[in-house]
**Student:** 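Before anything else, here's the structure in question.
In this text, all values refer to a predicted model and were calculated from it rather than measured experimentally. Reckoned from all heavy atoms, side chains included, excluding hydrogens, waters and symmetry mates. Here is how names work: the chains are called A, B, and so on, in the same order as the sequence lines, proteins then strands, and each is numbered from 1.
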Amino acid sequence: MNSVQSLIQPQFLAQVGFVGIVALTFAGALIAVFPRNILYNVLGLIVCLTGVAGIFVYLGSPFVALMELLIYVGAICISIIFAIMLSRPLHLSLPKRRLPKVGLAMGVGAVVFIALSTIIFRTAWEPALVRSDDWSVTTLGKYLLTRYDLVFEAISLVLLVAILGAIVISGYARRSPS
Amino acid sequence: MTSSWFQDPTLLAAMLGALLPFVSFVLIIVFTRPYPKLSAAISVASISVSVVCAIFLLSSHWHLEQPIQYAGKWLISGEMYIPFGFLLDELSLLMLTIVAVISFLVQVYSLGYMAGDPGFARYYAFQSLFAWAMMTMSIAPTMLQFYIFWELVGLASYLLIGFYYEKFSASEAGKKAFVMTRAGDIAFFLGLLLVLLNFGNLNVLDMNSVDVTARMSPGLITLSALLVFGGVIGKSAQFPLITWLPDAMEGPTPVSALLHSATMVAAGVYMFARIFPFYSKSASAMAVFLAIGTITMLLASTMAIVTRDIKQVWAYSTVSQLGFMVMGLAAGSYFAGVFHLTTHAGFKALLFLCSGVLIHEYETNDMFEIGKHGGRGLKIPMVCMTLAAAALSGIPFLSGYFSKEAIMGALANLHNPIWLVGGLLGAFLTAYYSFRLIFIILFPSKIEEVHHTEHGGHSAGHGHDAHHHAGLYWVMAWPLIILATVTVVLGFFQAPLENFLLGHHGVAEGHGGGHHAWLPWVAVGLAVSGVGLAWLEFGRKGASQVGFVERIEPVRTLFAERWYMDHFYRLFLDYVIYGIFSNLFTRNDRRVIDGGIDGICRATVGGGWVLSFLQSGMLQYNLMVMFAVLALVALYFFF
Amino acid sequence: MNSLYTYLFIAALLFSLGIFGVFQRRSLIGMLIAIELMLNAASINFMAFNRFLAPDPIVGQIYTLFIMGIAAAEAAIALSIIVAVFRRLRSINIERAQELRG
């Protein structure tokens, strides 16, 4: 009974959940990068991003996690699937992977990873002296509209410009004879 | 010094005499080449001034106590000091006079001989160049200045030998002369360098003094003496560099008279006499010189016996007599060698000039042709030539007799009789070939009285104007008469000359030794028998006109081909120089130097090709490189 | 397990995988997917700093929202570019786009 109780202690469950979510993330990432079939990649990305949303929960912000699911998985990945369908790369033959390129890419990736790890583990991270405890969404909304409203407006502007740009690029291409 | 040079008559005379011909050369080359008569006038005027200056110097310094030296600072490097200037002692004054007088006579003679030649002005320019170089060389105080003007003399010789440059054989002969004398000069320069490095300076007076033995070891003295003698071998056409002198006869005859008999080739012997004390310090070197001189004398005499060309006979004779002078000097008798040089200059120039008149008249060099066409009709040249040939052979009381006796005496004083035997044999042969030529022309087997024939000869074509002809003839005749007089008279000046040359300081001279009373008789006897043999074979009526050597065909061929020396040189050039060295250097040039540069180019191109993969245009590779560099930099900063 | 280092490590690993994908994928959409991975890794980084180091936890979240907005914009533009490239090269294979080849 003690072992079962110890099994379902919240701390322990949290740990197990954390490991599971991290595994999910990495599995998704691997599926997003390695297979050659692009639909697998997109689905892997969706799995990975879901895992990342779970990690955000563990990092104390369920709001951001939900935003992640909404924006990334719900919008971006769907639009990628749209693009895949519209450009129909599935019907094109997939050329064989060239080993030197893969090897080189893996090498450089490893180097980058080592560099990052070095930076992480060699820096003396010091938490701030006075830390606030306010994690509520209310505060987030208040700050977003008062103190950081420039950010809000800026992101809106960026999105507007991006949409316009996307339309223009696609529109020009359609008008030119091809 | 510069302010007083006008006031010192000796210095003034020396400078004027030596430098005026240079001024004349420059003037003619730069300004007056289109005006032949003006050029000739400038040249003859400058050489006349030189003659006057030379005679003035000789006469005013007849009783010279010490050599006069004028020196200015020239080459100073650390401890080495080489001045330039003039050295006036007995020997140099004598040589200066000889050169000036004979140059003057030849230039006057050339007014007639070269008249009408298109290169008239150029000829006089080169004659002036030669006169300047030779005279300055005679009075040079250091061996370096001597060497410089020695080379200039060689240059003048090259220019004058190749004077008829359109003729291939003439330009080839000029090139041959220059290259062969150059080979000797390389040894000369090496010897000078040895002396300079070990002795410290190249002053003639210092080299002749006893300081040399103090500072240079005997082996070193012998080595440098042998090397410096290389210049004598080259310039005076001694064995083994004989063959350029006969080929040098391609030049105009006055050039042969001046350069290649009397003065330029005598420069080698003059150099021997100039540093005679230096050479005498090495007995082994002197022995080598004696051998070289003897071999040369005999070889050249044999070559002269079989040739048909007038100038070739006198050319071989010059080589032979130069060998004889070298023998005299190497036997230890300074005076004998120099005296023979003086007398030889006189009668050999005379021989060439007389031959020049004959060649000019009959336009052929072949003595049989000249005889057949009535060469003996030209009286003044024939008389002078006979006189000179007699002097050459050593017929008594002409100048050649006295100088040859002097040398024979020196040879007799040596231990080994073989040298004397060689000298006497040479005297016999000399008489034989000289009178062979005389008799062939005087008593030809057939006479065809044809004057003014136009078959191809060796002189350039010129018009025959009768009135002009007479005037030109006398211009050519007067030098002949003057030289003939000198030939007859000079011998009687032996004693005063000897006093002059040797007088006050004991130049290494063995005037002692036994007076061999039998020697003159033997020598004269040999000379007369040589003349007699020539008379037998060529002179008397009904003579066969074929010499005793010419009957033996292989021997005749051997002598006519110059003992195959030219063939040997050709083979040596082709197989050793061209085959080995030129080949080596060509390959080095092509493979190493060109190959190296090509290799650099190819490496650059190849390197670029190798690195061009970076410019593949592939975005992902560029990204890889960027991130790799960033990561490595981050690693570097954090480790 | 619940320390800063874990999350940073996870973010670094994801970033490396994303970089590997960018280098190695041959189709443009594949590269885009990998780029999204990289962006998410950065977001995790920010959130981790926010949780463990930052004085004010709101700021990190706002920043992460910002990143997401940018990612969306970028995805839209990237997809339209891919469409345009496809129309020109008839392919979305990046190895075909080598006109700057030296």
**Student:** Counting only heavy atoms closer than 4.5 Å, note whether A:D134 contacts chain C via side chain, backbone, both or neither.
**Tutor:**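 Contact with chain C: backbone only.
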**Student:** Using a cut-off of under 4.5 Å for heavy-atom pairs, which of C:A71, C:A75, C:G18 has the most such pairs with chain A?
**Tutor:**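 Looking at each option in turn, the highest pair count goes to C:A71.
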**Student:** Check A:A128 against C:A54 and note the closest heavy-atom contact, atom names and distance.
**Tutor:**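 Heavy-atom minimum between the residues: CB-C, 4.4 Å.
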**Student:** Under 6.0 Å from the OH atom of A:Y40, do we count more than 12 heavy atoms belonging to anything else shown?
**Tutor:**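 No, the 6.0 Å shell around OH holds no more than 12 heavy atoms from other groups.
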**Student:** With the side chain counted from C-beta on, respond yes when C:P57 and A:S132 share a heavy-atom pair under 4.5 Å apart, and no when they do not.
**Tutor:**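 Yes, side chains in contact.
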**Student:** Are side-chain heavy atoms of A:V52 and C:S43 found at a separation under 4.5 Å?
**Tutor:**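 A:V52 does not reach C:S43 side chain to side chain.
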**Student:** Looking only at the aromatic ring of each residue, does the gap between the centers of A:F34 and C:F20 stay below 6.0 angstrom?
**Tutor:**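 Ring-ring flag for C:F20/A:F34: true, centres closer than 6.0 Å.
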**Student:** A quick test of your reading: do over 12 heavy atoms of other residues, nucleotides or ligands sit less than 6.0 Å from CZ of C:F66?
**Tutor:**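 For C:F66, atom CZ is crowded (more than 12 foreign heavy atoms under 6.0 Å).
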**Student:** Evaluate C:R25 against A:N41 for side chain to side chain contact (heavy atoms under 4.5 Å, CB included), listing each step before the verdict.
**Tutor:** CA-CA 11 Å; C:R25 309 288 316 206; A:N41 299 333; 2.5 Å; yes
**Student:** Give, for atom OG1 of A:T139 and atom CG of C:D56, the distance between the pair rounded to the nearest 0.5 Å.
**Tutor:**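 One finds 9.0 Å between OG1 of A:T139 and CG of C:D56.
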**Student:** Using 0.5 Å steps for rounding, measure from the CD1 atom of C:I33 to the CG atom of A:L45.
**Tutor:**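 If I round to the nearest 0.5 Å, the distance is 6.0 Å.
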**Student:** Run the ring-centre check on C:F9 versus A:F113 and record whether the distance is less than 6.0 Å.
**Tutor:**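 Yes, the ring centres sit under 6.0 Å apart.
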**Student:** Can you pull out the residues in residues 56-63 of chain A with any heavy atom less than 4.5 Å from chain C?
**Tutor:**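 So the qualifying residues are A:F56, A:Y58, A:L59, A:S61, A:F63.
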**Student:** Do C:E36 and A:I76 make a side-chain contact, defined as non-hydrogen atoms from C-beta onward lying under 4.5 Å apart?
**Tutor:**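 Answer yes - side chains close enough.
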**Student:** Given a strict heavy-atom distance threshold of 4.5 Å, which part of C:L4 is in contact with chain A: side chain, backbone, both, or neither?
**Tutor:**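 For C:L4, side-chain heavy atoms alone lie under 4.5 Å from chain A.
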**Student:** Below 4.5 Å from any heavy atom of chain A, which atoms of C:Y63 appear? Answer side chain, backbone, both or neither.
**Tutor:**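 Neither the backbone nor the side chain of C:Y63 comes within 4.5 Å of chain A.
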**Student:** Any idea which heavy atoms bring A:L140 and C:Q61 closest together, and the distance?
**Tutor:**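 Taking every non-hydrogen atom into account, CD1-CB, 4.1 Å.
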**Student:** With a 4.5 angstrom heavy-atom cut-off, could you sort out which part of A:S136 is near chain C: side chain, backbone, both or neither?
**Tutor:**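 For A:S136, the contact with chain C is made by the backbone alone.
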**Student:** If I measure from the heavy atoms of chain A, does C:T6 come under 4.5 Å with its side chain, its backbone, both, or neither?
**Tutor:**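 For C:T6, the side chain is the part near chain A, not the backbone.
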**Student:** Evaluate side chain to side chain contact (heavy atoms under 4.5 Å, CB included) for C:M68 paired with A:V64, printing each intermediate quantity in order.
**Tutor:** CA-CA 10 Å; C:M68 284 182 211; A:V64 176; 3.6 Å; yes
**Student:** Write down the atom of C:A12, the atom of A:L116, and the distance for their closest heavy-atom approach.
**Tutor:**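 Looking at all heavy atoms of both residues, the closest pair is CB-CB, 4.1 Å.
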**Student:** If you measure from CE on A:M67 to CG on C:L65, what distance do you get to the nearest 0.5 Å?
**Tutor:**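 Rounded to the nearest 0.5 Å, the CE-CG separation comes to 7.0 Å.
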**Student:** How long is the span from the CG atom in C:L37 to the SG atom in A:C48, to the nearest 0.5 Å?
**Tutor:**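 Between C:L37 CG and A:C48 SG, I get 4.5 Å after rounding to 0.5 Å.
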**Student:** Determine, stepwise, if the pair C:V59 / A:Y148 fulfils side chain to side chain contact (heavy atoms under 4.5 Å, CB included).
**Tutor:** CA-CA 9 Å; C:V59 180; A:Y148 298 108; 3.2 Å; yes
**Student:** Name the region of C:A72, side chain, backbone, both or neither, that has any atom closer than 4.5 Å to a heavy atom of chain A.
**Tutor:**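 Its backbone and side chain both get close to chain A.
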**Student:** On a heavy-atom basis, which atom in A:I120 and which in C:L8 lie closest, and how many Å separate them?
**Tutor:**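 Looks like CD1-O, 3.5 Å.
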**Student:** Hey, are the side chains of C:P55 and A:V130 touching, using non-hydrogen atoms and a 4.5 Å cut-off?
**Tutor:**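 They are not in contact (no side-chain heavy atoms under 4.5 Å apart), so the answer is no.
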**Student:** A:F18 versus chain C, heavy atoms under 4.5 Å apart: side chain, backbone, both or neither?
**Tutor:**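 The side chain, not the backbone.
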**Student:** Using atom types as modelled and distance alone, determine if a side-chain donor or acceptor of C:R26 lies under 3.5 Å from a backbone N or O of A:R36.
**Tutor:**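 Such a contact is absent between C:R26 side chain and A:R36 backbone.
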**Student:** If you compare all heavy atoms of A:V158 against all heavy atoms of C:A73, which two are closest, and at what distance to 0.1 Å?
**Tutor:**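 Minimum heavy-atom contact is CG1-CB, 4.0 Å.
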**Student:** Quick one: what part of A:A29 sits under 4.5 Å from any heavy atom of chain C, side chain, backbone, both or neither?
**Tutor:**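 When you check distances to chain C, atoms from both the backbone and side chain of A:A29 fall under 4.5 Å.
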**Student:** At a heavy-atom separation under 4.5 Å, does A:V42 approach chain C through its side chain, its backbone, both, or neither?
**Tutor:**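 Contact with chain C: backbone and side chain both.
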**Student:** What's the shortest heavy-atom distance between A:K101 and C:E95, and which atoms?
**Tutor:**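 Heavy-atom minimum between the residues: NZ-OE2, 2.8 Å.
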**Student:** Mind checking whether A:I167 and C:S80 have side chains closer than 4.5 Å, heavy atoms only?
**Tutor:**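 Counting from C-beta outward, A:I167 and C:S80 never come under 4.5 Å.
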**Student:** Let's test your reading of the structure: which of C:I77, C:N2, C:I19, C:V22 forms the most heavy-atom pairs below 4.5 Å with chain A?
**Tutor:**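 Sorted descending by pairs with chain A, the first entry is C:I77.
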**Student:** Supply the atom-to-atom distance C:I70 CD1 to A:I155 CD1, rounded to the nearest 0.5 angstrom.
**Tutor:**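 Result: 4.0 Å between the selected atoms.
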**Student:** Side chains of A:F26 and C:I10, heavy atoms from C-beta outward: is any pair under 4.5 Å?
**Tutor:**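 Sidechains of C:I10 and A:F26: in contact.
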**Student:** Is any side-chain heavy atom of A:E68 less than 4.5 Å from a side-chain heavy atom of C:N40?
**Tutor:**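 Counting from C-beta outward, A:E68 and C:N40 do come under 4.5 Å.
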**Student:** Contact part of A:L49 toward chain C, heavy-atom cut-off under 4.5 Å: side chain, backbone, both or neither?
**Tutor:**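 Side chain only.
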**Student:** Any side-chain heavy-atom pair from C:F52 and A:W125 closer than 4.5 angstrom?
**Tutor:**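 They are not in side-chain contact.
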**Student:** Relative to chain A, which segment of C:L13 carries a heavy atom at a distance below 4.5 Å: side chain, backbone, both, or neither?
**Tutor:**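 For C:L13, backbone and side chain are both near chain A.
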**Student:** Side chain from CB out, backbone as N, CA, C, O: work out which of these in C:L17 comes under 4.5 Å of a heavy atom of chain A, or both, or neither.
**Tutor:**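 Answer is both: backbone and side chain atoms of C:L17 are under 4.5 Å from chain A.
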**Student:** Given a strict heavy-atom distance threshold of 4.5 Å, which part of C:I44 is in contact with chain A: side chain, backbone, both, or neither?
**Tutor:**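 Both backbone and side chain.
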**Student:** Does CZ belonging to C:R96 count more than 12 external heavy atoms closer than 6.0 Å?
**Tutor:**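 For C:R96, atom CZ is not crowded (no more than 12 foreign heavy atoms under 6.0 Å).
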**Student:** CD1 of A:I84 to CD1 of C:I82: how many Å apart, nearest 0.5 Å?
**Tutor:**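 That separation rounds to 9.0 Å.
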**Student:** What's the verdict on side chain to side chain contact (heavy atoms under 4.5 Å, CB included) for A:V102 and C:F23, showing C-alpha distance, side-chain angles and the deciding distance?
**Tutor:** CA-CA 8 Å; A:V102 176; C:F23 292 156; over 6 Å; no
